Number of protein chains: 2
Amino acid sequence: MSSAPQPFPMPQEPSDAPPLLELGTAPEEPCLRADAARNRARLLEAAARLIAEHGVAGVTMEAVASAARVGKGTVFRRFGDRTGLLMALLDHSGRRLQADFLGGPPPLGPGAPPLERLRAFGVAVLYRSAEQLELQLAAQPEACRRFSHPATQALRTHVTMLLRQIVPDADCELLAHTLLASLDPALIHHLTRQRGMPMARLEAAWVDLVARVTRTQRPA
Amino acid sequence: MSSAPQPFPMPQEPSDAPPLLELGTAPEEPCLRADAARNRARLLEAAARLIAEHGVAGVTMEAVASAARVGKGTVFRRFGDRTGLLMALLDHSGRRLQADFLGGPPPLGPGAPPLERLRAFGVAVLYRSAEQLELQLAAQPEACRRFSHPATQALRTHVTMLLRQIVPDADCELLAHTLLASLDPALIHHLTRQRGMPMARLEAAWVDLVARVTRTQRPA
DNA sequence: AATTTAAACGGACCTTGGTCCGGATCGTAA
DNA sequence: TTACGATCCGGACCAAGGTCCGTTTAAATT
């Protein structure tokens, strides 16, 4: 009914740096043609510059295109839509975080006990989102695509893993959803910017939440 | 920089039926002029009809306007933007739910013990959102306005109250945010539609979550 | 009833996200 | 080196959200 035949194959976000793959991370790029790759880089750079100069609102598809000396169609072919472009920009810091909790030093990385890692994880995400809030929010409009995004999936997988080691009897997958929902950028933005809560309070709430959720059942 | 002087005063969502007010519910309407009220009703009716006929995607501002025999500008003056119109449509069922848990029969309404009410609350929201998912999602795009919406605030206030009676020592406000986040329409949509989870599982997870979160601290 | 004013109206107009397709380019195989 | 098909490019084009402002009208006042 409402699904047009999609002129472009809707690129699966080729991702500019292939450092780390994991369960639920993006399928690798189909290896772009030389000119395509060059333009992709140009576009990302141009977009970044525009953000720095005029904020996220200044990132108009046409503006990005012309700033990169490229046709508008090219932007859409590469990134699918505005959200795709924004997410591509976000991708970088996402990968860094991922690297940190996959192979970095404890308490975020392996080596510390799961419970401690879970605590550290939330705090890390919390503060990372607190920067780039503008960008994070702008990339959200399609409210449900966020769950399917590879980066998000990776976070969720990680949390699920940790939970399985702590509370094996629970529905860890859904529990992970809940925990991550409480770290949602939109929520953080609302609480800190619109309601003036200090980050410390959010942090404390996260730690408390983890404690509550992982507290093992007490026999009556 | 980017803030235009807003041609219309951006109406605070007058709400068509003033049944129940509570902490955090919309400020009352400034009482519309006769013609304005008439047009407002027409617009809502037209929008509802369009949804029934062509789905949410068929609700174009222009379509609604002309279906209601009204100018486009009128739609925007009354509802601010598309999201505003959609939220106005959602308002009705929102008020019914609110009535249920404020004054309805137990276990949702007063009379049952707080813990039980909390459980029932989640289940109710869960199933309510499961219908009207289309509409709920369409009304979301501006990801953060959802926290400020009076209806949402009412839900949160209610949950906070219940929590205060169950776990007075916790940061109940943030805990309420977390609980509600796990009932987010976008999340429900993702889990049920995109990942095929049965509602029963979501329901079980909610009950379990409530249990975990409200479990009082066990001394070492 | 006439006057006045704030509010509402309508629809032309602007912006921007998104689409299409003829033509230019790249990579490859002969 | 040439030829050829797949891929990519560019920018005209379209739709829909959102804005502006001259005109109309409800309702309060005299």
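A quick note: this is a predicted structure, and the numbers were derived from the prediction, not measured. So that the names make sense, note that chain A is the first sequence line, chain B the second, and so on, each numbered from 1.
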Are OP1 or OP2 of [N] and a side-chain N or O of [X] less than 4.0 angstrom apart?
{"X": "B:Asn39", "N": "C:dA8", "result": "no"}
{"X": "A:Arg33", "N": "D:dT7", "result": "no"}
{"X": "B:Thr74", "N": "C:dG10", "result": "yes"}
{"X": "A:Arg78", "N": "D:dC9", "result": "yes"}

Whole angstroms only, please: what is the [atom1]-[atom2] distance between [X] and [N]?
{"X": "A:Lys72", "N": "D:dC9", "atom1": "NZ", "atom2": "P", "value": "16 Å"}
{"X": "B:Leu86", "N": "D:dG17", "atom1": "CG", "atom2": "P", "value": "10 Å"}
{"X": "B:Phe76", "N": "C:dA12", "atom1": "CZ", "atom2": "P", "value": "15 Å"}
{"X": "B:Arg38", "N": "C:dA7", "atom1": "CZ", "atom2": "P", "value": "19 Å"}
{"X": "B:Arg77", "N": "D:dT19", "atom1": "CZ", "atom2": "P", "value": "12 Å"}
{"X": "B:Glu62", "N": "C:dC14", "atom1": "CD", "atom2": "P", "value": "15 Å"}
{"X": "B:Phe79", "N": "D:dG18", "atom1": "CZ", "atom2": "P", "value": "14 Å"}
{"X": "A:Met61", "N": "C:dG18", "atom1": "CE", "atom2": "C1'", "value": "9 Å"}

Nucleotide of [options] approaching [X] most closely (side-chain heavy atoms):
{"X": "A:Thr60", "options": "C:dT16, D:dG17, D:dG10", "value": "C:dT16"}
{"X": "B:Arg82", "options": "C:dT19, D:dG10, D:dG17", "value": "D:dG17"}
{"X": "B:Ala34", "options": "D:dG18, D:dA26, C:dC9", "value": "D:dA26"}

*Between B:Phe101 and B:Phe121, what is the ring plane arrangement, given parallel below 30°, perpendicular above 60°, and tilted in between?*
perpendicular
Nearest-nucleotide check on DNA chain D, B:Glu142 vs A:Ala37; residue mapping nearer the 5' end is A:Ala37
Closest to the 5' end of DNA chain D, once A:Gly71 and B:Asp35 are matched to their nearest nucleotides, is A:Gly71
Discussion item. Looking only at side-chain N and O atoms, does B:Gln132 offer a donor or acceptor that is under 3.5 Å from a partner on B:Ser93?
Written reply: yes
Taken to the nearest 0.5 Å, the spacing of A:Met197 CE from A:Ile188 CD1 works out to 12.5 Å
* Asked: Would B:Arg195 and A:Glu173 count as a side-chain contact (heavy atoms from CB on, under 4.5 Å) if you check the C-alpha gap in whole Å, the side-chain angles of each, and the deciding distance to 0.1 Å?
  -> CA-CA 12 Å; B:Arg195 311 207 19 191; A:Glu173 209 175 331; 2.3 Å; yes
Minimal heavy-atom distance between B:Phe147 and B:Gln153, with the atoms involved, is O-CG, 3.7 Å
